[in-house]
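Values below: every heavy atom of this structure, side chains too, minus hydrogens, waters and symmetry copies.
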Amino acid sequence: MSTTPAFHGVRFAFGTLTVLPVRVHRWDREAARGGMLCAPLAGLVVGASAAGLGLLLLFLGAAPLLAAVATAAVPAALTRGLHLDGLADTADGLGSGKPADEALRIMKQSDIGPFGVLTVVFVLLAQVAALAQLYSGSWARGALAAAGAATAARLALTLAARGGVPAARPEGLGAAVAGVVPAGAAAGAAVAVTVVATACGAVFGPYGAVRTAVAVLAALAAADLLLRHCVRRFGGVTGDVFGALAETSATVALVALTLGG
């Protein structure tokens, strides 16, 4: 009995965006489309795992800062650090000031330059600082932020894979998923995730609902600005750019959730 396209999409999402033992059987455009639409689901699993470890440490008596460090480490571990590596490579490519071909060559090199190192350091510091503040105020807010940020980060990938966004190279993950998601489906996914996130934030009252919605929208807006800049600079998206978008979205979402008291 053949499996459904939706099943292949779920396998594609978890097999390419996490280290979970999920084998991808199909790499065609249909499977890639389903996979990128299911990316927020993979993000939710990653975020829930991160929140779970953070809460466990809190309940065992750990300080909020230690719980925040552990929470930030889980997404890195569940992606083999690929998103952070993509962030570093993209920062090196953008920071080089070179033409597109040379910048893409810099991004493919195995070493990390000063732009990449600084960017990763400051992004991780921002994530840990935000999570520590949220955990200090409420373990529930911290857990919701961890899950929501990871989900928003993968939603940014869904939007980046929408039609009209070209690939910078003819090979790699960027080429495999570039333009596979219809614009309407990407918008529908964004609305659905934002509505669910807002409903979860409503647990903390009307202001919590608004703040959560704003955090998701801010994360997506930041990712879209970065995406447009990368398309202008590199001529399209790459796997590294997708990683940079995920880390940027997660960081903006976490920081936004700390604002406003």
Same apolar cluster: [X] and [Y], side chain cutoff 4.5 Å:
X: Val231; Y: Leu104; value: yes
X: Val165; Y: Met107; value: yes
X: Val120; Y: Val123; value: yes
X: Leu87; Y: Ile112; value: no
X: Leu157; Y: Val181; value: yes

Between atom [atom1] of [X] and atom [atom2] of [Y], what is the distance when rounded to the nearest 0.5 Å?
X: Leu58; Y: Leu66; atom1: CG; atom2: CG; result: 8.5 Å
X: Ser96; Y: Arg105; atom1: OG; atom2: CZ; result: 9.0 Å
X: Lys108; Y: Thr238; atom1: NZ; atom2: OG1; result: 10.0 Å
X: Arg141; Y: Arg211; atom1: CZ; atom2: CZ; result: 4.0 Å
X: His83; Y: Asp240; atom1: NE2; atom2: CG; result: 10.5 Å
X: Leu37; Y: Leu155; atom1: CG; atom2: CG; result: 10.0 Å

**OP:** Inspect the surroundings of CZ in Phe115 and state if more than 12 heavy atoms from other residues, nucleotides or ligands are less than 6.0 Å away.
**Re:** no
Margin query: Within a 6.0 Å radius of atom CG on Asp101, are there more than 12 heavy atoms belonging to other residues, nucleotides or ligands?
Written below: no
Between [Y] and [X], is there a side-chain heavy-atom distance shorter than 4.5 Å?
X: Phe234; Y: Thr90; value: yes
X: Val237; Y: Leu245; value: no
X: Thr79; Y: Leu17; value: no
X: Glu30; Y: His8; value: no
X: Arg162; Y: Leu227; value: yes
X: Cys200; Y: Thr212; value: no
X: Leu82; Y: Phe242; value: no
X: Leu94; Y: Leu226; value: yes

Please report the C-alpha distance between Gln127 and Glu247 in whole Å, then the side-chain angles of each, then the deciding distance to 0.1 Å, and finally whether the side chain to side chain contact (heavy atoms under 4.5 Å, CB included) criterion is met.
CA-CA 9 Å; Gln127 291 179 4; Glu247 292 296 336; 3.1 Å; yes
Which is it for Val45 and Leu20 under the side chain to side chain contact (heavy atoms under 4.5 Å, CB included) test, yes or no, and what are the steps along the way?
CA-CA 10 Å; Val45 171; Leu20 298 177; 4.2 Å; yes
Looking only at non-hydrogen atoms, find the nearest pair between [X] and [Y] and report the distance.
X: Tyr135; Y: Ala50; result: OH-O, 4.5 Å
X: Ala213; Y: Thr198; result: CB-OG1, 3.2 Å
X: Val180; Y: Pro182; result: O-CD, 3.5 Å
X: Ala39; Y: Thr158; result: CB-OG1, 3.7 Å
X: Ser249; Y: Ala153; result: CB-CA, 3.7 Å
X: Ala161; Y: Val177; result: CB-O, 3.4 Å

(Q) Between Arg228 and Asp224 (salt bridge meaning N to carboxylate O under 4.0 Å), is one present in this structure? (A)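 Yes.
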Can you list the steps and then say if Val203 with Leu144 is a side chain to side chain contact (heavy atoms under 4.5 Å, CB included)? CA-CA 10 Å; Val203 172; Leu144 177 61; over 6 Å; no
Ignoring hydrogens and geometry, is there a side-chain-to-backbone donor-acceptor pair from Arg11 to Arg23 under 3.5 Å?
->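 It does hold such a pair.
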